[in-house]
Amino acid sequence: MAKGGFGIDIGGSGIKGAPVDLDRGELLAERLRIPTPQPSVPESVAAAVTALVERFSPCGPIGIALPCVIKQGVAHTAANVDPAWKGTDAASLFTELTGSAVVVLNDADAAGLAEMRFGAGQGRGGVVVLLTFGTGIGSALFLDGELVPNTEFGHLQVDGHDAEHRAAASIKDDEGLSWEQWTDRVSRYLRVLEDLVWPDLIIAGGGVSRRADRWLPLLDCRTEVVPAALRNSAGIVGAAAAGHEGQQADTA
Ligand code: BGC
C-alpha cells in the first residue's frame, strides 16, 4: 500500500489541501481549494483548515505550509496573510482545532522539499535554491539535499528595492511588463543572489514555471536554472512529506 500523507498550502487568496502519495509525490485525490477568509486572522484560517480536514478525514499527521517564517511551530513573519499571525503558535492552534498531529513550515520550504524529492531537484547535491515566483518571491535552500529553513531570499535588496517588489510574478501583471522586461529584472535579482550564495542549481517555481519556455531562455545569469516539475501541487506534497516525518523542518 502507498505511504500516505495529507498536505495543506495556505496562501493569501486560497487554502488548498489534498491527500498525498508519499512514495510517488502525487496527489491521491483532486485538491480542494477554499478561499482564504478575510481578514486572514489565525482563528478564521484555522477554522477553514479544520473544515477542509473534515472533508477528507485523514488518519495520520498533517503538514501545513504558511507564507511565514516558522520556527518551532511559531510564525514570526506574515506576508500576504494578516499580521496577527506574527507570534502565533500555529502548530498548537492547528493541532488543537483539527485534533491531528500537525507540522507547520514555510510555504516555499514545503515546495522545495517536494521538488528535491520528486521533481526538478531529485538526485541533485551541492547548493540548490528553489524560488517561487508568485505574489511574492519565496525561497528554499538545500545543501546536499538537506533543507536550511526560512531563508527569505525574496527580500534581498536589489538596487535599493526589496527583490519581490521588483521581480515577483505579480509585479509583471501589475506593471504590465513584457516577458523580456520582467525577465531582465529576474536576471538582475538572480545575479545578486548568486554572488551571495553561489548555488549549483536554481529551480524556478510558482505559477510562472508553467510558462518556463517564455522566459527561462531569456535569463542572463551564470547558474543553471530549471523549471519546477510539480507546479501547483508542490506546496501540498512538501507539506504532507514534512507532516509525515513528524518533525519541524527547523528543529535545532
Ligand atoms: C514571504 C515568504 C514566503 C513567500 C512566498 C514572501 O513574501 O516572506 O515567507 O515564502 O512570500 O509566499
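Keep in mind it's a predicted model, so treat the numbers as computed, not measured. Order of appearance sets the numbers: ligands from 1, and atoms from 1 within every ligand.
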Quiz item: Could you give the distance from OG1 (T36) to NZ (K16), rounded to the nearest 0.5 Å?
Solution: 8.0 Å
Self-check item: R24, CZ: over 12 other non-hydrogen atoms inside 6.0 angstrom
Solution: no
Quiz prompt | Which of the ligand 1 atoms, numbered from 1, are nearer than 4.0 Å to a heavy atom of P67 | solution = 9 (O), 12 (O)
Quiz item: Which residue owns the protein heavy atom closest to atom 12 (O) of ligand 1, what's the atom, and how far is it?
Solution: D107 OD2, 2.7 Å
Quiz prompt | Worked verdict on V69 versus N106 for side chain to side chain contact (heavy atoms under 4.5 Å, CB included) | solution = CA-CA 6 Å; V69 165; N106 172 263; 5.6 Å; no
Exercise. Give the numbers and elements of all ligand 1 atoms closer than 4.0 Å to a heavy atom of N106.
Key: 2 (C), 3 (C), 9 (O), 10 (O)
Exercise. Using a strict cut-off of 4.0 Å, indicate which atoms of ligand 1 neighbour a heavy atom of E152.
Key: 1 (C), 2 (C), 8 (O), 9 (O)
Quiz item: Can you check whether H155 has an N/O within less than 3.5 Å of an N/O in ligand 1?
Solution: yes
Practice problem: Give the residue, atom name and distance (to 0.1 Å) of the protein heavy atom nearest atom 4 (C) of ligand 1. | Solution: G138 CA, 3.6 Å
Quiz item: Mind checking whether I137 has a heavy atom under 4.0 Å from ligand 1?
Solution: yes
Practice problem: Give a yes or no on whether W179 atom CH2 has more than 12 heavy-atom contacts from other residues, nucleotides or ligands under 6.0 Å away. | Solution: yes
Quiz item: In ligand 1, which numbered atoms sit nearer than 4.0 Å to a non-hydrogen atom of A79?
Solution: 1 (C), 6 (C), 7 (O), 8 (O)
Quiz prompt | Close-contact set for ligand 1 against E164 heavy atoms, below 4.0 Å | solution = 6 (C), 7 (O), 11 (O)
Exercise. May I ask you to say whether D9 pairs ionically with R33, meaning some side-chain N is under 4.0 Å from a carboxylate O?
Key: no
Quiz item: Taking heavy atoms and a distance under 4.0 Å, where does T135 meet ligand 1: side chain, backbone, both or neither?
Solution: neither
Self-check item: Minimum heavy-atom distance V104-I70, with the two atoms named
Solution: O-CG2, 3.5 Å
Quiz item: Could you state the interatomic distance from CG (L97) to OG1 (T50), rounded to the nearest 0.5 Å?
Solution: 4.5 Å
